[in-house]
Amino acid sequence: MSAVVAAHHLVRFPDWPTGPYSDGDVVLSGRMSREDVGTVLASIAEYNNEGQHEADGPSTLGVLLDKDVIASGGLLVRDTETGVEIEPGCCVGLETWRDWRYLLDGRTPWLGHDLRPEVRFGDGVQLGAGVARLWPDSRDTGGPACEVGIAELPGHLAAVRQDLLGFLELVREWAPYGMGERLADLFDEHFHISAPL
């Protein structure tokens, strides 16, 4: 499991150093490059500014300080045996990453649409055992699934939380315009990072 922010909607962002934009997601961790951190900041800023650039970089980031910040993204889950990936769908945000805990008691988190993933539970889920099987598209469940062991889920989520804490430290260090501390605190609050799982 990896926490990701979507960068596909970025076109050109000249206000601070960023990495190359793609149709994919940027994985969040304490091992990111400075450019990738810049890409994530640009993505979050544009998403919350509804695609409109403010007059300058400080204004673009400053708008975030007065908002309930959301980020296009969430958890990317990859089955290392089958290679099946479940990506955050449309209308899923990083702020809901903890909802994956719902699997622990047999409930399904919101995973988005376009494509809408399918979740099915094996025996033993109510007892904290068994597996949740996920397919990227509910219209095509005939192939291999991404299997999440229920007993291993807390460990996976704890690892995601550690990656997010590492990302916050990089934001504190590298965010431009002296805004690192305020942005890290903002992201911590709105993306529910440092609170215990």
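Along the sequence shown, residues are numbered consecutively beginning with 1.
When the salt bridge (charged side-chain N to carboxylate O under 4.0 Å, His left out) test is applied to Glu85, the partners found at least two apart in sequence or on another chain are Arg78. Annotation: ring pair (Phe, Tyr, Trp, His ring centres under 6.0 Å) contacts of Phe191 (sequence neighbours excluded): Phe187. Glu35 meets the side chain to side chain donor-acceptor pair (under 3.5 Å) test with no other residue; sequence neighbours excluded. Listed by chain and residue number, Arg172 satisfy the salt bridge (charged side-chain N to carboxylate O under 4.0 Å, His left out) test with Asp185 (two or more places apart in sequence, or in another chain). Partners of Glu147 according to the salt bridge (charged side-chain N to carboxylate O under 4.0 Å, His left out) rule, which considers only residues two or more places apart in sequence or in another chain, are Arg133. For Asp137, the salt bridge (charged side-chain N to carboxylate O under 4.0 Å, His left out) test picks out Arg139, with sequence neighbours left out. Considering only residues two or more places apart in sequence or on other chains, Pro17 meets the side chain to side chain contact (heavy atoms under 4.5 Å, CB included) condition with none of them. Contacts of Trp16 classified as ring pair (Phe, Tyr, Trp, His ring centres under 6.0 Å), with partners at least two apart in sequence or in another chain: Phe13.
Side-chain contact between Glu152 and Val148: absent, with no pair of heavy atoms (C-beta onward) separated by less than 4.5 Å. Using a 4.5 Å cut-off on side-chain heavy atoms (C-beta onward), Glu87 and Leu111 make no contact. The closest side-chain heavy-atom distance from Leu103 to Pro109 is below 4.5 Å. Between Pro136 and Val84 there is a side-chain heavy-atom pair separated by less than 4.5 Å. In this structure the side chain of Arg182 never reaches within 4.5 angstrom of the side chain of Leu64, judged on heavy atoms. A 4.5 Å side-chain heavy-atom check between Leu76 and Met1 finds every atom pair outside the cut-off. Between Asp25 and Val5, every side-chain heavy-atom pair lies at or beyond the 4.5 Å cut-off.
Listed by first then second residue, pairs satisfying salt bridge (charged side-chain N to carboxylate O under 4.0 Å, His left out) with a partner in residues 90-103 number zero, not counting sequence neighbours. Counting only residues at least two apart or in different chains, ring pair (Phe, Tyr, Trp, His ring centres under 6.0 Å) contacts with residues 146-185 are absent.
No path of Ile, Leu, Val, Met, Phe, Trp and Tyr side chains, each step under 4.5 Å between heavy atoms, connects Val92 with Val69, placing them in separate hydrophobic clusters. A single hydrophobic cluster is seen to contain both Leu94 and Leu165, as judged by linkage of ILVMFWY side chains at heavy-atom distances under 4.5 Å, directly or through other members. There is a path of hydrophobic side-chain contacts, each under 4.5 Å, that joins Leu134 to Leu153. Grouping the Ile, Leu, Val, Met, Phe, Trp and Tyr side chains by contacts below 4.5 angstrom, directly or via other members, places Leu168 with Leu170. Under the 4.5 Å side-chain heavy-atom criterion for Ile, Leu, Val, Met, Phe, Trp and Tyr, Val160 and Ile193 are members of the same hydrophobic cluster.
Between Asp79 and Ala145, the closest heavy-atom pair is OD2-O, 3.6 Å. Nearest heavy-atom pair across Val26 and Ala7 is CG2-CB, 4.1 Å.
Panel note: side chain Trp97, backbone Arg161; no donor-acceptor pair is recorded below 3.5 Å. In terms of modelled atom types and a separation under 3.5 Å, the side chain of Asn49 and the main chain of Thr60 share a donor-acceptor contact. Judged purely by atom type and a 3.5 angstrom limit, Thr141 has no side-chain atom pairing as donor or acceptor with the backbone of Ser138. Using a distance-only test at 3.5 Å, with no hydrogens or angles considered, a donor-acceptor pair links the side chain of Asn48 to the main chain of Ile70.
No side-chain N or O of Asp36 forms a donor-acceptor pair with one of Thr39 less than 3.5 Å apart.
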From CA spacing to verdict: salt bridge (charged side-chain N to carboxylate O under 4.0 Å, His left out), Glu118, Arg116: CA-CA 7 Å; Glu118 173 80 11; Arg116 184 184 301 268; over 6 Å; no

Trace of the side-chain contact (heavy atoms from CB on, under 4.5 Å) decision for Leu61 with Leu183: CA-CA 8 Å; Leu61 283 178; Leu183 287 173; 4.0 Å; yes

Test side-chain contact (heavy atoms from CB on, under 4.5 Å) applied to Val40 and Ile44, step by step: CA-CA 6 Å; Val40 170; Ile44 293 171; 3.8 Å; yes

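Atoms NE2 and CG, on His113 and Leu115 in that order, are 11.0 Å from each other to the nearest 0.5 Å. Here the straight-line distance linking atom OG of Ser2 with atom CG of Asp163 works out to 7.0 Å at 0.5 Å rounding.
Membership of an apolar cluster is not assigned to Tyr102, as no side-chain contact below 4.5 Å to another ILVMFWY residue is traced. Grouped with Trp135 in a hydrophobic cluster is no other residue, since no side-chain heavy-atom contact under 4.5 Å to another Ile, Leu, Val, Met, Phe, Trp or Tyr is found.
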